[in-house]
Structure formats: C-alpha cells, structure tokens
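Structure first, commentary second.
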Amino acid sequence: MRTVVIGGTGHIGTYLVPRLVQLGHDVTVLSRGERTPYHSDGTWKDVTFVHIDRAAEDAAGTFGQRVADLDADIVVDLICFTEDSARQLAEALEGKVQHFLHCGTIWVHGPSLTVPTREDAPRKPFGEYGVQKAAIEAYLLTKARRDGFPVTIVHPGHICGPGWTPVNPAGNFDLGVYQNLAKGADVLLPNLGLETLNPVHADDVAGVFLAAIASRSTAIGESFHAVASDAVTLRGYAHALADWFGQPANLGFLPIGQLRTTWPKEHGEATWDHIAHSPNCSMDKAARLLDFRPRYSAIEAALSGVSWLVENGKITT
C-alpha cells in the first residue's frame with residue numbers, strides 16, 4: 001500500500017511511521033523538515049520525505065493537489081487545524097484514495113457532561129482549537145455520508161511519550177510541578193484536585209490509526225477516541241507521581257480563579273483549559289469495532305514522559 005503521512009515526524013508519527021513500514025507500506029512523509037522523529041528506528045531509512053510548508057500551500061490553494069499527485073492508497077493527516085484546510089485536501093483526494101484518516105482531538109466534546117464520554121455524545125466545544133476540530137469532524141463525516149468519502153477520524157487525548165513534557169498534575173506544563181513532587185515539596189492544585197485528565201501514550205494513538213487501517217470496512221465514516229482506558233484525577237496523578245519519586249505528596253488546593261492571578265499566564269490558562277474540559281472518554285467503540293485496547297494506563301503513559309525528563313536531567317531527584 002502506498003501511504004502518505006502528513007506531519008509524520010511528530011508525537012504520533014514517531015510511532016506510526018515505523019510500524020507502517022514494518023507492515024509493508026510504502027510510506028511517504030510530508031513535513032516542513034524542521035523536526036526529526038523523537039526516537040531513532042532503522043525503518044526510517046525506507047521512508048520517502050517530502051518537505052512542504054502546508055500553511056503556505058493552503059494559502060495558495062495547492063496543498064491538496066500536491067498530496068493527490070503522490071497517488072497514495074491511504075492518506076493520514078496528523079496536522080490539520082482548520083475546516084478550510086480539511087476541505088481543500090478532501091476535495092483534492094475525492095475518488096483518489098481508499099482511506100483517509102484525520103487526527104482530531106477529544107477537545108471536540110467540550111466539557112464532560114456524562115462520563116465516560118462516548119464518541120456519539122453531543123458536541124459542545126469551546127476555544128479555537130476545539131471549535132475548529134469539531135467543524136472539521138462535522139465536515140468530513142458529512143462528506144462520508146453524502147459522497148462516500150472514505151474517512152476515519154481519530155481523537156487523541158493528552159499525548160505522552162519520551163521526548164516531550166506531558167501535562168502535569170496541575171493541568172499545565174510547568175516542569176517545576178514535577179520538580180516539587182520529586183523533592184517532596186509543596187504543590188498547589190486547582191479547586192479540590194478532582195478534575196480529570198485523559199493521558200495516552202503516543203504509541204497507543206498510533207495503534208488506533210493502525211487498527212482503523214486494518215479494519216477499513218468498519219472504520220470508514222466513524223470517529224474513535226484514542227485515550228488510555230482510564231482517566232486520572234489531578235489529585236490521583238499527583239499522588240502516583242509522588243509515590244514513583246519515593247516522596248510524600250504535599251498538596252495544597254486553591255480555587256482556579258485565585259491560581260490564575262498568581263501563576264504565569266501560560267500556566268494558568270493551560271490549567272483552566274484542562275480542568276474546564278475534565279475529559280474522561282470511553283474506549284469501548286475502538287474495542288468493539290477495531291478490536292483495539294490501549295496498552296498503557298493513564299499513569300503509565302504519563303510516566304513514560306516523566307521518566308524521559310528525569311533521564312535527560314530536566315527533573316532532578
């Protein structure tokens with residue numbers, strides 16, 4: 001199978017591309033050429049790379065045709081963020097691909113209303129990212145029903161893995177939170193620390209894409225979550241990490257409104273965004289239709305990233 005992966009050197013592509021090659025796919029990766037995969041693998045030598053500036057080509061109206069000209073059987077789009085960009089690509093690929101897979105986000109749901117949240121829950125997104133991703137999903141699924149466009153959408157949670165900082169128990173990306181947990185120092189959490197996160201290992205996200213490709217007949221026209229089989233509360237996450245560091249969890253709690261006035265803006269906004277969503281998504285549909293079950297629990301997924309931070313001196317113990 002000729003398979004094109006758009007944005008294939010990032011978090012998901014680092015795991016997805018080598019596994020596609022191992023399965024016998026002839027893989028072409030489209031990227032800006034500004035990043036290398038997060039870990040080396042001998043299969044990357046068999047990958048064809050095409051350097052392309054998607055934003056510029058979208059603006060010029062040429063990106064979709066550039067992808068179509070590669071004559072792929074399967075196209076996996078990991079970096080589409082606007083409905084217009086999705087529309088250009090889908091229209092160019094219509095009638096030319098066997099399977100098109102789009103990477104969405106669990107942010108399409110907006111705040112959790114019932115949990116675990118299923119894929120068919122009503123969409124109430126907020127924020128530019130979630131709203132745009134929900135619009136893309138609506139467009140692509142309508143195109144699947146109306147025109148037979150062979151699309152599958154995969155919605156990851158908080159992606160974790162070696163090479164980057166996972167969201168921390170305070171709901172942001174401040175390395176100081178991990179450092180304080182590693183030293184047994186005080187850590188402030190918002191509210192009562194009972195809001196939830198839905199981490200997932202990047203390899204499990206890749207696994208959902210692969211399962212959808214393998215189960216094309218049941219995957220087309222559907223959306224699937226890609227999260228761990230469990231969600232974790234901020235408080236539970238903090239205790240698990242403290243235990244892993246061999247320290248007590250010395251936690252304090254303040255209302256999010258107060259924290260946002262004392263923390264740096266980027267941390268306060270990230271925390272508010274995460275706890276306002278408080279995702280806890282179901283993986284039952286992927287198990288039922290794709291026979292896929294996550295390998296990593298939420299804590300295991302997060303620890304894969306935290307371990308890398310320790311090993312690379314970004315957290316001292």
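Computed from a predicted structure; not experimentally measured.
Smallest separation of non-hydrogen atoms from Val227 and Pro156: CG1-C, 4.5 Å.
Side chain to side chain, Asp58 and Ser85 meet the donor-acceptor criterion of an N or O pair below 3.5 Å. Between His51 and Arg32, the side chains place no donor N or O within less than 3.5 Å of an acceptor N or O (distance only, hydrogens not considered). One side chain, His155 or Glu137, offers a donor N or O that lies under 3.5 Å from an acceptor on the other. Side chains of Asn172 and Thr271: a donor-acceptor N/O pair is present below 3.5 angstrom, by distance only. No hydrogens or angles considered: nothing links the side chains of Thr82 and Asp84 as a donor-acceptor pair under 3.5 Å. For the residue pair Gln179 and Thr316, a side-chain donor N or O sits within less than 3.5 Å of a side-chain acceptor on the partner.
Put simply, the side chain of Asp41 gets close to the backbone of Thr43: a donor and an acceptor are under 3.5 Å apart. When atom types are taken as modelled, the side chain of His225 and the backbone of Ser282 share a donor-acceptor pair closer than 3.5 angstrom. Asp204 places a side-chain N or O within 3.5 Å of a backbone atom of Tyr296 that can act as its donor or acceptor partner. At least one donor-acceptor pair under 3.5 Å links the side chain of Lys285 to the backbone N or O of Ser223.
Under the 4.5 Å side-chain heavy-atom criterion for Ile, Leu, Val, Met, Phe, Trp and Tyr, Trp308 and Val200 are members of distinct hydrophobic clusters. Under a hydrophobic clustering in which Ile, Leu, Val, Met, Phe, Trp and Tyr are joined whenever their side-chain heavy atoms come within less than 4.5 Å, directly or via other members, Val47 and Leu70 fall into the same cluster.
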Kindly determine whether His109 and Arg123 satisfy side chain to side chain donor-acceptor pair (under 3.5 Å), including the steps that lead there. CA-CA 5 Å; His109 290 295; Arg123 303 291 190 253; 3.2 Å; yes
Steps toward side chain to side chain donor-acceptor pair (under 3.5 Å) verdict (Asp230, Ser297): CA-CA 6 Å; Asp230 55 343; Ser297 70; 4.8 Å; no
Is there a salt bridge (charged side-chain N to carboxylate O under 4.0 Å, His left out) between Arg118 and Asp284? Walk through the geometry before answering. CA-CA 8 Å; Arg118 304 189 319 181; Asp284 287 349; over 6 Å; no
Check the pair Thr152 / His99 against side chain to side chain donor-acceptor pair (under 3.5 Å), numbers first and verdict last. CA-CA 8 Å; Thr152 299; His99 202 176; 2.8 Å; yes
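Two residues are said to be in side-chain contact when any heavy atoms from C-beta on lie closer than 4.5 Å; Val232 and Pro199 meet this criterion. In this structure, Leu251 and His239 have side chains that are in contact, with non-hydrogen atoms separated by less than 4.5 Å. No side-chain heavy atom of Phe149 sits less than 4.5 Å from a side-chain heavy atom of Ile220. Between Ile74 and Val97 there is no side-chain heavy-atom pair separated by less than 4.5 Å. Using a 4.5 Å cut-off on side-chain heavy atoms (C-beta onward), Val306 and Leu241 make contact. Asn191 is not listed as a side-chain neighbour of Phe253, based on a closest heavy-atom distance of 4.5 Å or more. For the pair Val50/Val29, no side-chain contact is recorded, criterion being any heavy-atom separation below 4.5 Å from C-beta on. For the pair Val5/Leu78, a side-chain contact is recorded, criterion being any heavy-atom separation below 4.5 Å from C-beta on.
A salt bridge does not link Asp147 with Arg145: none of the charged nitrogens is closer than 4.0 Å to a carboxylate oxygen. Using a 4.0 Å cut-off between a side-chain N of Lys or Arg and a carboxylate O of Asp or Glu, Arg216 and Asp73 do not qualify as a salt bridge.
With ring centers used as reference points, Trp107 lies 6.0 Å or more from Phe81.
For the side chain to side chain donor-acceptor pair (under 3.5 Å) condition, no pair includes a residue of residues 253-266, sequence neighbours left out.
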